[in-house]
Visitor: 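Right, I'll just put the structure down here and ask away after.
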Amino acid sequence: MSNPTLAEIWRYPVKSCGGERLSAVSVGPTGLAGDRAWAAVDTETGLVASAKRPDRWKALLTTSVATEGSTPILTTPDGRSAPLSDPIAVADLLSDLAGRRVLVSKAQDIAEPTLSRTDPDLRALLERGEVRLTDAVDDGLAGAAPSGTVFDYASVHLISTPTLAAIEAEGGETAGDVRRFRANLVLDVDGPAFQEADWQDRTLAIGDDVELGVFMQSPRCAIPTLAQADLPRSTATARAVAALNRIDVEGLGTYVCAGAYAAIRTGGVLREGATVQVIDT
């Protein structure tokens, strides 16, 4: 069996907003350079805007981001755009889009970031086909991520091509589009779907110098079912993952999972096409 390769690299400069595919990116202690470097903060509640609260923030997912030179440019579905170097202009766009006033801040400047999420968002979606406002609870961020970041749990999220292909086969067209899962890295590998579980507690050596430690499977929420960029809403995505991969996560209970979380062991530069070695640790 051939070694995996790094097929795709994705970065999401603003939390819960659109992402961009990169051919290469530097990686340091806080993850991919520029990933979730910014976040919108609700001026009424002080909470970080997150599509985990779909009734308020799902529209953020419909934005797109493209870097021109060294500056990410955020664009709304109606074609308006603003550079992240002008956070006031970006905040105006996102406020109009969401219908709630936000400020856009650098992640490192948000003290004790907290978001509002549905609870439990995926089970509610599967059972009713919708998520209600009454399902929401406030929760802290960055459970296993470096301080000064606004990652939901960890600084790197990865997923394999067989996993995406299985979800697509089960759920139909676009169900397995990587953008639904907002993973940073897509690994092209032979073998079965959901083999990310086999990488847990092992090291992924990518290219010449980057090493990641995989430590937990990734429970899914309602976000993969929501409309994103040019992707339509798809409850079939949630149903597909639920049908294919319900597992016990770290003794915390049974969750619907796709992909895995990883921490940076050694930084460097990631490049599409790099060889990945799975090393026992």
Side-chain angles (χ1 to χ4, degrees), residues 1-12 18-27 31-36 65-67 151 154-220 223-224 228-231 234 236-237 240-241 243-245 247 256-281:
M1 182 180 295
S2 60
N3 283 330
T5 58
L6 180 55
E8 299 179 25
I9 302 170
W10 288 86
R11 173 172 65 187
Y12 300 86
E20 58 180 341
R21 185 173 174 180
L22 305 173
S23 59
V25 67
S26 60
V27 176
L32 278 63
D35 189 42
R36 277 81 167 188
V65 173
T67 296
F151 297 107
S155 55
V156 178
H157 176 209
L158 56 89
I159 199 165
S160 71
T161 50
T163 294
L164 295 173
I167 295 169
E168 185 93 353
E170 179 75 20
E173 186 177 2
T174 82
D177 192 300
V178 65
R179 292 173 294 174
R180 293 195 181 280
F181 300 93
R182 299 177 66 79
N184 297 117
L185 309 179
V186 180
L187 303 189
D188 187 11
V189 59
D190 298 330
F194 305 104
Q195 63 184 276
E196 295 89 338
D198 296 334
W199 304 337
Q200 187 159 325
D201 300 324
R202 304 172 81 182
T203 295
L204 302 182
I206 306 177
D208 296 330
D209 45 18
V210 176
E211 292 189 353
L212 307 178
V214 181
F215 65 88
M216 182 177 174
Q217 303 308 289
S218 179
R220 304 316 318 187
I223 288 178
Q228 302 181 38
D230 59 346
L231 298 174
S234 172
T237 300
V241 182
L244 294 168
N245 198 47
I247 64 172
V256 174
C257 294
Y261 289 129
I264 308 296
R265 294 191 186 278
T266 306
V269 177
L270 290 171
R271 292 183 175 84
E272 284 192 352
T275 299
V276 181
Q277 298 182 52
V278 182
I279 303 170
D280 289 334
T281 54

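Worth saying up front: this structure is predicted, and the values here are computed from it rather than measured.
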Visitor: R182 versus R36: any side-chain heavy-atom pair under 4.5 Å?
Guide: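 The answer is yes; the side chains approach within 4.5 Å.
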Visitor: What distance do N245 atom CG and I167 atom CD1 have between them, rounded to the nearest 0.5 Å?
Guide: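 Rounded to the nearest 0.5 Å, the CG-CD1 separation comes out at 8.5 Å.
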Visitor: Within a strict 4.5 Å, meaning less than it, do heavy atoms of the R11 and V65 side chains meet?
Guide: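 No - every pair of side-chain heavy atoms lies 4.5 Å or more apart.
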Visitor: What are the two closest heavy atoms between F181 and A258, and how far apart are they?
Guide: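 Reported closest heavy-atom pair: CE2-CB, 4.4 Å.
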Visitor: Minimum heavy-atom separation for V189 and T161, please, with both atom names.
Guide: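 Minimum heavy-atom separation between V189 and T161: N-OG1, 3.4 Å.
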Visitor: Can you tell me how far the CG atom of L6 sits from the CG atom of D188, to the nearest 0.5 Å?
Guide: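 Rounded to the nearest 0.5 Å, the CG-CG separation comes to 10.0 Å.
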Visitor: Grab the two heavy atoms, one from A236 and one from G171, that are nearest each other, plus how far apart they are.
Guide: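 Heavy atoms of A236 and G171 come nearest at CB-O, 3.4 Å.
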Visitor: So which heavy atom on P4 is nearest to which on V278, and how close?
Guide: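 Result for this residue pair: CG-CG2, 4.5 Å.
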Visitor: Evaluate the side-chain proximity of D35 to Y12: yes if any heavy-atom separation is below 4.5 Å, no if none is.
Guide: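 Y12 vs D35: side chains touch.
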Visitor: Which donor-acceptor pairs under 3.5 Å do side chains of residues 201-217 form with protein atoms, sequence neighbours excluded?
Guide:
unit_1, atom_1, unit_2, atom_2, d
R202, NE, D280, OD1, 2.8
R202, NH1, D198, O, 3.2
R202, NH2, D280, OD1, 3.0
T203, OG1, R265, NE, 3.2
Q217, OE1, A197, N, 3.2
Q217, NE2, E196, O, 3.3
Q217, NE2, Q200, OE1, 3.1

Visitor: I'd like to check H157 versus F151 (side-chain heavy atoms, cut-off strictly below 4.5 Å). Are they in contact?
Guide: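 The answer is no, as the side chains (C-beta and beyond) never meet within the 4.5 Å cut-off.
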Visitor: Taking all non-hydrogen atoms of both residues into account, name the closest pair between T163 and F194 and its distance.
Guide: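 It is OG1-N, 2.7 Å.
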Visitor: Using 0.5 Å steps for rounding, measure from the SG atom of C257 to the CG atom of L244.
Guide: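 Reported value, rounded in 0.5 Å steps: 12.5 Å.
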Visitor: How long is the gap from CD1 on I9 to CG on L158, to the nearest 0.5 Å?
Guide: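 I9 atom CD1 to L158 atom CG measures 12.5 Å (nearest 0.5 Å).
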Visitor: Please report, to 0.1 Å, the donor-acceptor pairs under 3.5 Å made by any side chain of residues 267-277, with sequence neighbours excluded.
Guide:
unit_1, atom_1, unit_2, atom_2, d
E272, OE2, R21, NE, 2.8
E272, OE2, R21, NH2, 3.3

Visitor: Indicate yes or no: at least one non-hydrogen side-chain atom of T5 is less than 4.5 angstrom from one of L187.
Guide: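 Of all side-chain heavy-atom pairs linking L187 with T5, none is under 4.5 Å.
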Visitor: E20 vs T67, test: side chain to side chain donor-acceptor pair (under 3.5 Å). Steps then yes/no.
Guide: CA-CA 8 Å; E20 58 180 341; T67 296; 2.8 Å; yes
Visitor: As a quick check of understanding, evaluate side-chain contact (heavy atoms from CB on, under 4.5 Å) for D230 and R179, giving each step before the final call.
Guide: CA-CA 10 Å; D230 59 346; R179 292 173 294 174; 2.8 Å; yes
Visitor: Under 3.5 Å, side chain of E168 to main-chain N/O of G176, donor-acceptor pair present?
Guide: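 A pair under 3.5 Å: yes.
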Visitor: For a quick test of reading the model, state the closest non-hydrogen atom pair linking I223 to Q228 and the distance between them.
Guide: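 Smallest interatomic distance, heavy atoms only, reads O-NE2, 3.0 Å.
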